[in-house]
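Read through the structure below, which is laid out as structure tokens, and then see the notes.
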There are 2 protein chains.
Amino acid sequence: MTRITIKDVAARSGVSYQTVSKVLNNQGNVSAETEARIWQAVEELGYKPNISARNLRTQSSNLIGYAWQRSVDDSPRPILDQFLYDAVYTFEQHGYHLLTFLVDVDDKPDVPIYKELYDRRQVEGFILADTNHNDPRIAYLMEQNIPFASFGRANTEWDFCWVDIDGRHGLRIVVDHLIQRGHQRIGLLAWPEGSEAGAYREEGFAAGLREAGLELRQDWVLRGNNTVQFGAAGMQHFRSLPEAERPTAVACVSDLIAIGALNDASAAGLIVGQDIAITGYDDIPMAQYFTPSLTTVRQPIATVGQQVVDLLLKQIKGQPIAEKGILLKPELVIRESS
Amino acid sequence: MTRITIKDVAARSGVSYQTVSKVLNNQGNVSAETEARIWQAVEELGYKPNISARNLRTQSSNLIGYAWQRSVDDSPRPILDQFLYDAVYTFEQHGYHLLTFLVDVDDKPDVPIYKELYDRRQVEGFILADTNHNDPRIAYLMEQNIPFASFGRANTEWDFCWVDIDGRHGLRIVVDHLIQRGHQRIGLLAWPEGSEAGAYREEGFAAGLREAGLELRQDWVLRGNNTVQFGAAGMQHFRSLPEAERPTAVACVSDLIAIGALNDASAAGLIVGQDIAITGYDDIPMAQYFTPSLTTVRQPIATVGQQVVDLLLKQIKGQPIAEKGILLKPELVIRESS
DNA sequence: AACGTTCGGGCGAACGTTCGCTTAAACGGT
DNA sequence: ACCGTTTAAGCGAACGTTCGCCCGAACGTT
């Protein structure tokens with residue numbers, strides 16, 4: 001069973017196949033009558049253009065790459081999944097599709113795979129997520145001059161397209177909220193140093209305290225991985241302090257950590273939201289179903305997806321880009337835990 | 001800046017470009033000496049074959065399609081994400097990539113998009129997930145004779161490639177476990193009728209009771225959507241029954257439902273795992289972090305991903321397929337809630 | 001009547017591969 | 001010394017499009 005090509009359509013409608021091509025890409029200079037005849041033939045034969053041939057001729061693929069990184073600890077990353085979904089949605093509206101591939105996250109990320117895909121003309125650009133300071137992927141893509149746009153910032157001196165959510169503002173509104181609730185002693189469960197996103201969030205935390213005239217106590221800032229276990233350990237540490245030296249509210253840089261803290265506090269008999277306040281960050285889908293439900297920060301992921309795609313497509317099409325970096329504001333979601 | 005083609009490599013190594021092609025696809029009949037010269041030229045020039053040209057010539061794309069369905073209620077689907085990850089991993093090992101696209105789930109799924117992608121030769125086949133009885137996608141793909149393989153079964157009389165996890169066995173081991181723990185009165189929070197997966201799980205539930213000589217009480221089987229809300233409502237209903245008419249254990253067909261039930265029971269002052277047993281299904285990543293941690297059924301997702309891919313690639317390559325349907329066994333994960 | 005314009009459509013070529021066939025040279029056995 | 005076989009490499013064609021250019025007819029203008 002051989003496929004139907006543009007020549008079959010041409011034969012049926014009695015024109016040359018190049019004329020059919022003209023009609024399909026509607027670049028004028030065909031009489032309405034023959035155009036109708038051609039469309040009818042297309043319909044009758046069920047003709048579908050062969051993408052490979054078109055790609056070869058036009059030197060394009062209408063494909064964008066995204067490297068799927070399995071998280072190290074296999075923890076869920078609902079935020080990324082949602083981002084990806086929204087990005088795909090926007091791509092489709094522009095006739096693009098998403099090509100997913102894997103990249104070893106174990107040791108050094110295998111950056112040349114990006115160039116490989118690009119040089120083979122399999123993809124026209126990339127979207128990245130989960131970026132960091134000194135991100136080797138970004139450095140490599142910039143150096144190789146490969147189009148890309150990322151969800152997340154990197155070194156401020158690097159000049160590339162990114163969209164990010166203002167973590168500084170996110171933790172700022174958390175702290176303001178806690179202070180307004182009457183808390184004066186606020187602890188923070190943070191990520192290890194070296195995390196770009198973590199640093200911004202800490203800045204917001206510090207700024208909130210500072211402007212309220214509260215002291216930033218370094219012994220109330222604990223650092224650990226993005227796990228439930230760390231959250232529990234952090235809370236346990238806070239509970240072990242003498243009462244006068246103990247924070248009455250604990251802000252966490254992620255929901256995962258907050259859930260750990262929440263579980264530990266509850267298990268110790270504390271009524272979270274009353275005896276102690278706990279806040280998260282991300283508003284993962286499960287956050288509302290814990291007891292008590294989690295006060296957290298919701299990020300406008302859908303908008304991020306759209307904007308990242310817009311930036312990338314503008315690059316690919318050589319259109320002017322007004323603003324290379326876009327910073328969006330998250331919102332506070334107040335629930336029972338604070 | 002023009003790309004490097006096979007002809008550039010040929011020129012540099014002093015052979016015809018067709019000979020270069022032979023070397024690249026190592027189909028013999030080239031002397032070791034010239035082969036070395038060619039590889040060297042490839043290296044020096046940094047030549048990468050143009051995928052579009054190759055695809056056009058070989059009538060292939062090395063791409064597999066997967067339709068990303070946003071869940072109706074925006075609930076998380078970590079299981080699917082994990083399946084997808086493992087599928088991509090296996091594809092890569094065979095030189096394939098995954099092309100993701102969207103399909104409206106709102107009203108009737110837009111099945112022709114499958115044919116569109118296939119006819120355009122953009123993909124060589126599809127993987128499906130989250131299938132159901134009378135699944136229109138499967139019916140369509142079978143009718144159109146398009147290669148695909150699915151995670152999940154459909155009508156038993158349909159002849160297609162699938163891999164599934166034995167939900168009958170899954171609920172069977174749950175019930176056995178509860179009975180062994182001394183429970184005689186066991187309720188079930190199930191999905192609405194018409195769900196294939198749901199029906200199998202119910203069968204396992206019924207079989208477990210039957211073989212233990214226990215009665216299957218229809219008023220202890222409640223049905224609702226796959227949401228936390230339904231879980232809570234279901235548990236509330238059970239609690240409202242007079243004590244003698246109340247189940248002492250509740251099995252749920254998903255973790256989401258179980259979490260709702262767990263929250264409702266805890267809020268009502270019951271100590272779950274002691275006053276009442278609750279079990280889930282799926283072992284979502286968060287399941288272990290609830291209080292109490294959730295007894296549930298873990299599915300061998302990674303294996304599913306591999307097998308689905310194997311089946312699909314065999315179809316595409318025209319290799320013989322020993323078994324069109326593959327049924328895998330899940331395992332019980334016992335935690336505090338039972 | 002001669003000439004420039006517009007319009008509809010055809011034609012050749014090219015995109016970068018792979019495939020099958022042919023050819024020239026080298027080889028080995030009687 | 002002859003001939004058949006193997007080996008190495010070249011050659012033409014094809015995959016299915018799109019692009020730029022050309023050509024002929026119809027038309028209106030001076």
Side-chain angles (χ1 to χ4, degrees), chain A residues 1-39 41-42 45-63 95 116-124, chain B residues 1-39 41-42 45-63 95 116-124:
Chain A
M1 183 195 66
T2 170
R3 289 278 161 194
I4 294 159
T5 78
I6 205 173
K7 297 192 181 177
D8 298 319
V9 176
R12 187 176 188 105
S13 43
V15 293
S16 73
Y17 63 91
Q18 294 94 335
T19 305
V20 175
S21 173
K22 271 184 193 161
V23 168
L24 294 176
N25 303 293
N26 54 2
Q27 31 191 302
N29 278 5
V30 181
S31 73
E33 185 197 355
T34 40
E35 174 157 358
R37 228 173 43 239
I38 290 173
W39 279 120
V42 165
L45 295 172
Y47 165 77
K48 295 281 157 43
N50 180 310
I51 286 290
S52 297
R54 172 175 294 176
N55 287 347
L56 174 59
R57 179 64 234 222
T58 61
Q59 300 281 53
S60 65
S61 69
N62 287 334
L63 246 38
E116 179 90 10
L117 282 168
Y118 185 70
D119 281 349
R120 291 171 153 246
R121 304 246 136 153
Q122 197 149 18
V123 303
E124 298 182 26
Chain B
M1 183 196 66
T2 171
R3 290 277 160 193
I4 294 157
T5 77
I6 205 174
K7 298 192 182 179
D8 299 318
V9 176
R12 186 175 188 105
S13 43
V15 293
S16 73
Y17 63 92
Q18 294 94 334
T19 306
V20 175
S21 174
K22 272 185 195 160
V23 169
L24 293 177
N25 302 294
N26 53 3
Q27 30 191 303
N29 279 5
V30 181
S31 73
E33 185 197 354
T34 41
E35 174 158 357
R37 228 172 44 237
I38 290 173
W39 280 120
V42 164
L45 296 172
Y47 164 77
K48 297 281 156 44
N50 180 312
I51 286 290
S52 297
R54 170 175 296 175
N55 286 348
L56 173 59
R57 179 64 234 225
T58 60
Q59 299 281 54
S60 66
S61 69
N62 288 333
L63 247 36
E116 179 89 11
L117 281 167
Y118 185 69
D119 281 350
R120 291 170 152 247
R121 304 247 135 152
Q122 196 148 20
V123 303
E124 298 181 27

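Numbered from 1 within each chain, the chains take letters A, B, ... in sequence-line order.
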From CZ of A:Arg3 across to P of D:dT17 the rounded distance in Å is 12 Å
Contact class for B:Thr34 (heavy atom, under 4.0 Å): base, sugar-phosphate, or nothing? sugar-phosphate
When rounded to whole Å, the CD1 to P distance for the pair B:Ile51 and C:dC15 reads 18 Å
On a heavy-atom basis, the closest approach of A:Glu124 and A:Ser61 is OE2-N, 2.7 Å
- Respond yes when some side-chain nitrogen or oxygen of A:Tyr17 is under 4.0 Å from OP1 or OP2 of D:dC19, and no when none is. no
Partner of D:dA1 under the Watson-Crick or G-U wobble criteria, both distances under 3.5 Å, comes out as C:dT30
| task | Indicate yes or no for a side-chain donor-acceptor contact from A:Thr5 to the backbone of A:Lys7 under 3.5 Å, with no hydrogens or angles considered. | result | yes
For a quick test of reading the model: is some side-chain N or O of A:Ser21 closer than 4.0 Å to OP1 or OP2 of D:dC19? no
Rounded to whole Å, CD1 of A:Ile38 lies from C1' of C:dG8 at a distance of 11 Å
Exercise. Under 4.0 Å: is that the gap between some side-chain N or O of A:Thr19 and OP1 or OP2 of C:dG10?
Worked result: yes
Item to complete: Report which part of the nucleic acid B:Thr58 touches: base, sugar-phosphate, or nothing (heavy-atom distance under 4.0 Å, all strands).
Response: sugar-phosphate
Note: for B:Leu56 and A:Leu24 on DNA chain D, the residue whose nearest nucleotide lies more 5' is B:Leu56
Closest heavy-atom pair, A:Leu45 versus A:Ile4, reported as atoms and distance to 0.1 Å, is O-CD1, 2.8 Å
note: A:Arg57, atom CZ; D:dA14, atom C1'; distance rounded to Å ~ 16 Å
Whole-Å distance, A:Asp8 CG to D:dC15 P, equals 11 Å
message = Below the 4.0 Å mark, does C:dG16 have OP1 or OP2 next to a side-chain nitrogen or oxygen of A:Gln59?
response = yes
A:Asn29 CG to D:dC22 C1', in whole Å, measures 13 Å
Working for salt bridge (Lys or Arg N to Asp or Glu O under 4.0 Å), residues B:Asp119 and A:Arg3
CA-CA 8 Å; B:Asp119 281 350; A:Arg3 289 278 161 194; 2.9 Å; yes
Heavy-atom closest pair (B:Ile6 atom, B:Tyr47 atom, distance to 0.1 Å) is N-CE1, 3.4 Å
Exercise. Ignoring hydrogens and angles, does a donor from either the side chain of B:Lys22 or the base of D:dG10 sit under 3.5 Å from an acceptor on the other?
Worked result: yes
Rounded to whole Å, the CD1-P distance (A:Ile6 to C:dG10) equals 13 Å
- Message: Using OP1 and OP2 only, check whether a side-chain N or O of A:Arg54 sits under 4.0 Å from D:dT18.
- Response: yes
Short question: side chain of B:Arg37, backbone of B:Ser13 - any donor-acceptor pair under 3.5 Å? yes
Between NZ of B:Lys7 and P of D:dG10 the distance, given in whole Å, is 14 Å
Can you find a side chain N or O atom of A:Asn25 that sits less than 4.0 Å from OP1 or OP2 on D:dT18? yes
### Message
Taking 4.0 Å as the cut-off, does a side-chain nitrogen or oxygen of B:Ser16 come that near to OP1 or OP2 on D:dG10?
### Response
yes
Q) A:Gln18 side chain N/O closer than 4.0 Å to the phosphate oxygens (OP1, OP2) of C:dA13? A) no
Across every strand shown, the nucleotide meeting Watson-Crick or G-U wobble geometry with D:dT29 (both distances under 3.5 Å) is C:dA2
